[in-house]
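Heads up: the structure comes next, in structure tokens.
All values derive from a computational prediction rather than experimental measurement.
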Amino acid sequence: MTVALIDSGLGLVPTTGWLRHLAPRLDLLLLMDPDGAPWGSRTASYVTDRLLVAARTAVARGARALVVPCNTATVTAIDLLRREFEPDLPVVGTVPAVKPAAAAGRSVAVWATVRTTASACQERLIADFANGTPVVRVACPGLAEAIDHGDKDGATAAIAAAAERTPADCDSVVLGCTHYPLVAPQILERLPAGVTLYDSAEAVARQTLRRLNGAVGAVGAVEAELAEGAGQAVGAVDVQLSGRPGVLPAAALAYAVGRALASGTWVPRAALMSAATRLPVTTPAN
């Protein structure tokens, strides 16, 4: 069974890692768009066109579910994808984890790209789910781009700048870009002790499995069956780069989950960020 994940760059890697961890036998088709990246700076019509081309390619190649681990693409075109492919094919989008952060925290900061921070979509998300909890919008210029290029110095500088703009009394930080979990340990290092990071990649992966299995309770059975994932054969990871066969970009190897995916092995829990985490992610030895 094949699941397709679509994003312009490395933002699809965290959700891909969770799917490989939870259901290692799945075949994964990663449709990236280096020719059009980053989508965050593109027009809505451009993103929609690229997303539809990738989705139709995935369906033609036998994908049984479409996952969009990109906030920009989700808010821009997820309804169009659902109209075209559901109910025959599950379509799963991604939104920042504002609701659980607001439910658990006293004060929330949402780290996101400049465009997302200024978007009406993020404002609606906060209005719908913050439930009165104070929310600070923190734009992170250059962070997603640095992550996409494996630029550690650039990422460090962007993280430091965002941390300085995050009020000291915020106890919850929502990662509002799907790239950001790849540098979760570095983000935590720059925030006060006790701050919790919230990300949606794990939830998106679990929702994908629920949709595939057709029942909420099925995911637990899948995880139990695959509990010995480290010793099992795993499915294929097929990469398309703007429609061309390829491999994961070299920049993905800067991150533990990227290295695990590139090696064709099961992704260990230590390489992933939980939906909510206070401690730095442990990076497994190479």
Side-chain angles (χ1 to χ4, degrees), residues 2-24 26-40 50-51 54 57-58 67-73 94 113 140 142-156 158-159 175 177-187 197 199-202 204-205 208 229-230 234-274 280-286:
T2 299
V3 171
L5 298 97
I6 308 170
D7 186 23
S8 63
L10 297 186
L12 55 67
V13 168
T15 303
T16 303
W18 271 107
L19 283 171
R20 176 48 54 98
H21 175 75
L22 294 170
L26 281 177
D27 292 325
L28 302 173
L29 174 59
L30 312 185
L31 298 112
M32 307 174 73
D33 187 23
D35 293 356
W39 282 351
R50 306 293 277 199
L51 190 61
T57 297
V67 183
V68 184
C70 172
N71 296 305
T72 296
T94 302
T113 64
C140 304
L143 181 53
E145 292 80 2
I147 293 168
D148 250 343
H149 291 94
D151 178 2
K152 293 182 180 180
D153 291 340
T156 297
I159 290 167
L175 301 184
C177 172
T178 54
H179 288 69
Y180 296 174
L182 294 171
V183 292
Q186 292 87 341
I187 292 173
L197 296 186
D199 174 53
S200 54
E202 180 181 357
V204 170
T208 302
V234 297
V237 176
D238 186 8
V239 179
Q240 293 279 307
L241 303 175
S242 299
R244 303 178 298 273
V247 296
L248 277 175
L253 303 182
Y255 312 105
V257 60
R259 293 192 294 273
L261 289 169
S263 70
T265 60
W266 178 69
V267 175
R269 176 66 186 79
L272 300 164
M273 176 188 160
S274 293
V281 179
T282 301
T283 303
N286 289 327

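R20 contributes a side-chain N or O that, together with a main-chain N or O of G235, makes up a donor-acceptor pair within less than 3.5 Å. In this structure, W18 contributes its side chain and M273 its backbone to a donor-acceptor pair below 3.5 Å. T15 places no side-chain N or O within donor-acceptor distance of the main-chain N or O of L12, the cut-off being under 3.5 Å. Side chain of S200 to main chain of T94: no donor-acceptor pair is present (N/O by atom type, distance under 3.5 Å, no hydrogens or angles).
Distance check: L28 CG to L19 CG gives 6.0 Å after rounding to the nearest 0.5 Å. Annotation: the span from L31 atom CG to I6 atom CD1 amounts to 5.5 Å, rounded to 0.5 Å. Within the model, atoms CG of D199 and CG of L197 stand 8.5 Å from one another, a figure rounded to the nearest 0.5 Å. Remark: I187 CD1 to L143 CG distance equals 6.0 Å, nearest 0.5 Å. Taken to the nearest 0.5 Å, the OG1 atom of T113 stands 5.5 Å off from the OH atom of Y180. In this structure, CG in L261 is found 12.5 Å from CH2 in W266, a value given to the nearest 0.5 Å.
The heavy-atom pair separating P69 from T178 by the smallest distance is O-OG1, 2.8 Å. Counting all heavy atoms, side chain and backbone alike, A146 lies closest to A155 at CB-N, 3.4 Å. Heavy-atom minimum distance, L248 versus G258: CD1-O, 4.0 Å. The two residues A158 and G142 have their closest heavy-atom pair at CB-C, 4.4 Å.
Between V234 and T265, every side-chain heavy-atom pair lies at or beyond the 4.5 Å cut-off. With a 4.5 Å cut-off on side-chain heavy atoms, M32 and L10 count as touching.
For residues 238-248, the side chain to side chain donor-acceptor pair (under 3.5 Å) pairs, not counting sequence neighbours, are D33-S242, D35-R244, R61-D238.
Here D148 pairs with H179 under the side chain to side chain donor-acceptor pair (under 3.5 Å) rule; sequence neighbours left out.
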